[in-house]
4 protein chains.
Amino acid sequence: MSPRTKEQFEEIRKESKDKILKVAVVLFAEKGYASTSISQISKNAGISKGLIYNYFESKEDLLRQMILGLFEEMMPRFDLKDIKKLTREKFIELTDVSLDIVYENPHRWRLYTSIFTQPGIMDLFKEDLLKLTMPFIPLFIEYFKEKGHKNPEAMLRYYSATLDGIQLHILMDIENFPLQDVRELLINQFA
Amino acid sequence: MSPRTKEQFEEIRKESKDKILKVAVVLFAEKGYASTSISQISKNAGISKGLIYNYFESKEDLLRQMILGLFEEMMPRFDLKDIKKLTREKFIELTDVSLDIVYENPHRWRLYTSIFTQPGIMDLFKEDLLKLTMPFIPLFIEYFKEKGHKNPEAMLRYYSATLDGIQLHILMDIENFPLQDVRELLINQFA
Amino acid sequence: MSPRTKEQFEEIRKESKDKILKVAVVLFAEKGYASTSISQISKNAGISKGLIYNYFESKEDLLRQMILGLFEEMMPRFDLKDIKKLTREKFIELTDVSLDIVYENPHRWRLYTSIFTQPGIMDLFKEDLLKLTMPFIPLFIEYFKEKGHKNPEAMLRYYSATLDGIQLHILMDIENFPLQDVRELLINQFA
Amino acid sequence: MSPRTKEQFEEIRKESKDKILKVAVVLFAEKGYASTSISQISKNAGISKGLIYNYFESKEDLLRQMILGLFEEMMPRFDLKDIKKLTREKFIELTDVSLDIVYENPHRWRLYTSIFTQPGIMDLFKEDLLKLTMPFIPLFIEYFKEKGHKNPEAMLRYYSATLDGIQLHILMDIENFPLQDVRELLINQFA
DNA sequence: GATGAATGAGCATTCATTCAT
DNA sequence: TATGAATGAATGCTCATTCAT
């Protein structure tokens with residue numbers, strides 16, 4: 001009977017929302033966005049179908065919020081905020097984080113790859129993600145330029161393509177992927 | 001007996017089937033497999049829904065036949081059949097073909113990436129594709145071993161991951177991708 | 001090139017039609033009328049779908065012609081044409097034929113029961129069948145009247161209901177049905 | 001938590017489910033299971049197609065639940081639970097109930113006969129129904145044995161076949177069937 | 001007579017979304 | 001806030017039937 005405080009409500013909201021998002025990440029990653037139903041999400045989260053629409057405008061909105069949330073959660077792992085210039089050490093650390101991050105939460109990563117290679121869906125996030133990553137591009141360009149590369153922009157493309165390819169291959173065979181060997185090759189080549 | 005000869009029927013069949021496959025490649029590539037309906041395919045192909053089931057047992061079968069067909073169409077481009085040993089020249093040629101192939105038919109390539117990163121779908125082809133590619137793995141291992149790499153298996157992983165990553169990035173920004181520069185980096189590193 | 005004679009055509013027609021009917025009896029009996037497709041019939045008969053429509057106006061017409069054909073084929077087994085009056089011997093013979101007929105062609109019989117208990121379908125034949133059986137009703141009525149039954153019409157109903165029930169039960173468990181014992185009970189009671 | 005109590009939901013569910021079942025009995029009886037569409041059922045019940053799948057897993061499940069429900073509803077009419085031994089009176093009562101039951105709800109009975117003579121469908125229930133009826137078989141065997149029949153098992157077969165045949169004939173001509181006369185014949189013969 | 005490609009209405013089923021409570 | 005009954009459009013698929021050859 002006692003009315004709940006604003007804070008209590010806020011907490012309840014956050015809890016429910018987090019639960020939904022957590023469950024949805026796993027399901028979307030395992031079965032794909034289009035093949036996961038709101039019904040399944042609600043069942044797995046132990047809540048009612050209707051409640052999901054209390055927190056998200058639509059299934060698409062749920063996907064959007066989820067992806068952005070995951071991204072925001074991931075960015076601090078790179079600890080790039082106050083970096084003005086990339087040292088070799090920092091570059092290696094970033095590379096390591098990029099690889100570790102896949103092993104830490106393969107579900108999430110599988111979700112990323114399935115989303116970002118899915119035609120049409122990618123468009124929902126392109127802009128937001130660009131906004132998040134753009135500030136750091138000059139750091140890498142500068143890094144490669146200082147290393148003496150004539151075309152540092154191309155080098156950055158090459159580096160990020162390689163990184164993406166490796167992340168993909170880790171997912172494809174997470175148990176047998178020769179992480180240490182590949183990491184070494186990667187560092188030797190780019191750092 | 002027959003009003004049309006077997007050959008006539010065969011031709012009609014081939015024509016219709018090809019039209020369906022052609023339309024389906026584009027739609028699957030543009031909107032994804034799960035989000036493309038049989039109805040849309042039939043509409044775009046200018047035929048009736050039912051006819052598709054005259055040629056394919058199911059939507060899944062359509063996808064399967066399409067992917068395998070595209071693969072078989074692609075394999076000869078690499079001209080690997082009679083190769084017993086990879087020379088540097090051949091290795092470079094293969095690398096070039098791997099890049100060119102994306103530009104030649106981005107639709108098809110987008111389809112590949114969307115299919116092979118889509119959870120659950122990949123399983124339909126894993127075996128078939130393994131069977132097609134497996135014979136050539138030793139060639140590459142041998143190549144890297146002769147080049148003096150201590151761990152040629154890891155090197156092959158690294159190489160193919162890099163290649164996949166680049167193909168992905170080409171698709172993501174096909175107009176601005178610095179193909180020549182990246183190609184050079186790739187060859188310098190692996191060939 | 002030589003034109004076929006009318007008789008030859010007639011023969012071809014009859015052969016094809018018989019083949020279709022024969023296959024359809026089995027399929028309808030095994031899977032039911034509604035669940036058997038024209039396509040299956042044509043496949044099992046080794047002919048084309050279209051040909052069926054050369055001989056039958058529709059699926060329903062096929063059913064109609066089949067049932068009536070089977071009936072006409074069955075009637076002579078009872079050899080009732082020239083009977084003016086039922087003797088006890090003839091009555092017993094008719095009863096025996098009624099039972100034997102089920103064992104001789106369970107497919108056909110299963111078809112009958114499935115058709116005649118199927119709402120809506122029965123109506124297609126009611127009239128035709130009545131026309132075929134009606135002439136013999138008085139014979140049975142007379143038979144029971146002579147045996148001293150006060151209500152021979154009711155007795156006929158009782159007799160034919162019993163017969164139908166037994167035929168049904170034979171079909172339900174054709175291997176274990178105690179035919180001889182039941183036959184004896186039947187004869188003792190009605191003959 | 002809940003806006004409606006569990007009981008309220010239960011009631012709503014029961015009401016909808018009953019309405020669906022009620023409509024489906026009639027339609028299945030009139031047109032047959034295979035020829036009745038979910039769409040027709042929903043239309044006749046005044047609800048949406050989708051709702052049916054809220055209560056039944058599939059069309060087959062709907063049939064299953066319906067048949068078993070009807071059976072369970074019917075069994076108490078025979079009041080056999082506590083019977084240890086069949087008296088003549090009880091036997092006659094059971095026979096009467098078996099006949100009355102058809103008149104009470106011809107729709108339901110037509111459904112039974114159409115279902116149980118329909119190839120393939122019967123299999124869905126065979127086991128369940130056997131489980132329900134098996135316990136009472138010995139009672140009848142004992143009854144016929146005590147009446148001096150040498151082969152009481154055959155006698156039971158004969159009795160139940162006769163009963164089934166009569167039920168069938170009642171359905172075929174419910175208005176003119178001479179129930180009283182036939183009932184008398186039946187009782188004279190078996191009781 | 002005979003073929004089978006082609007049609008399109010219809011089917012069982014799924015699912016994002018709404019809404020009364 | 002939270003529920004789940006209810007909707008209806010859409011999906012993959014089937015099938016009786018037509019028709020050019």
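So that the names make sense, note that chain A is the first sequence line, chain B the second, and so on, each numbered from 1. These numbers were taken from a predicted model, which means no experiment stands behind them.
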Grab the NZ-C1' distance between Lys17(B) and dA6(E) for me, whole Å please. 17 Å

Which side-chain N or O atoms in residues 29-36 of chain D pair as donor and acceptor under 3.5 Å with protein atoms at least two apart or in another chain?
residue, atom, partner, partner atom, Å
Lys31(D), NZ, Gln40(D), OE1, 3.2
Tyr33(D), OH, Glu60(D), N, 3.3
Thr36(D), OG1, Leu27(D), O, 3.3
Thr36(D), OG1, Gly32(D), O, 2.7

Plane angle bin for Tyr112(C) and Trp109(C) - parallel if under 30°, tilted between 30 and 60°, otherwise perpendicular: perpendicular

Within residues 47-57 of chain A, find the residues that approach DNA chain E with a heavy atom at under 4.0 Å, and present them sorted by residue number. Lys49(A), Tyr53(A)

Need to verify one output field. Residue with the more 5' nearest nucleotide on DNA chain F, Glu60(C) or Lys59(B)? Lys59(B)

Atom-to-atom span, NZ of Lys43(A) to C1' of dT3(F) - whole angstrom: 14 Å

dT11(F) P sits how many Å from Ile41(B) CD1, rounded? 11 Å

Would the distance check show the side chain of Ser16(D) and the main-chain N or O of Arg13(D) forming a donor-acceptor pair, the cut-off being under 3.5 Å? no

Looking only at N and O atoms, is any donor in the side chain of Arg13(D) or the base of dA5(F) less than 3.5 Å from an acceptor on the other one? no

Without decimals, in angstroms, what is the distance between Glu10(B) CD and dT21(F) P? 19 Å

Considering only heavy atoms and no angle criterion, is a donor-acceptor pair shorter than 3.5 Å present between the side chain of Arg4(D) and the base of dA5(F)? no

Under 4.0 Å from OP1 or OP2 of dA10(F): is there any side-chain N or O of Gln40(B) that close? no

What donor-acceptor contacts under 3.5 angstrom involve side-chain atoms of residues 42-51 of chain A, with partners at least two apart or in another chain?
residue, atom, partner, partner atom, Å
Ser42(A), OG, Ser39(A), O, 2.9
Ser48(A), OG, Leu51(A), N, 3.4

Could you check how far CG of Leu63(B) sits from C1' of dG12(F), rounded to whole Å? 14 Å

What is the distance from NZ of Lys6(B) to P of dG4(E), rounded to the nearest Å? 9 Å

Gln8(D) has a side chain; which of dG12(F), dT21(E), dA5(F) sits nearest to it? dT21(E)

What side-chain donor-acceptor pairs closer than 3.5 Å can you find for residues 61-73 of chain C, not counting sequence neighbours?
residue, atom, partner, partner atom, Å
Asp61(C), OD2, Glu57(C), N, 2.9
Asp61(C), OD2, Gln65(C), NE2, 3.1
Arg64(C), NH1, Leu124(C), O, 2.9
Arg64(C), NH1, Asp128(C), OD2, 3.2
Gln65(C), OE1, Lys17(C), NZ, 3.0
Glu73(C), OE2, Arg108(C), NH2, 2.6

Near DNA chain E, under 4.0 Å by heavy atom, which residues of residues 18-37 of chain A? Thr36(A), Ser37(A)

Axis-to-axis angle across the helix from dA2(E)-dT21(F) to dT21(E)-dA2(F), five pairs each end, nearest 10 degrees, ~ 10°

Report the distance from atom CD of Glu11(B) to atom P of dT21(F), rounded to the nearest whole Å. 14 Å

May I ask you to evaluate whether Ser16(B) reaches the phosphate of dA6(E), defined as a side-chain N or O under 4.0 Å from OP1 or OP2? yes

Spacing between Glu7(B) atom CD and dA5(E) atom P, to the nearest angstrom: 14 Å

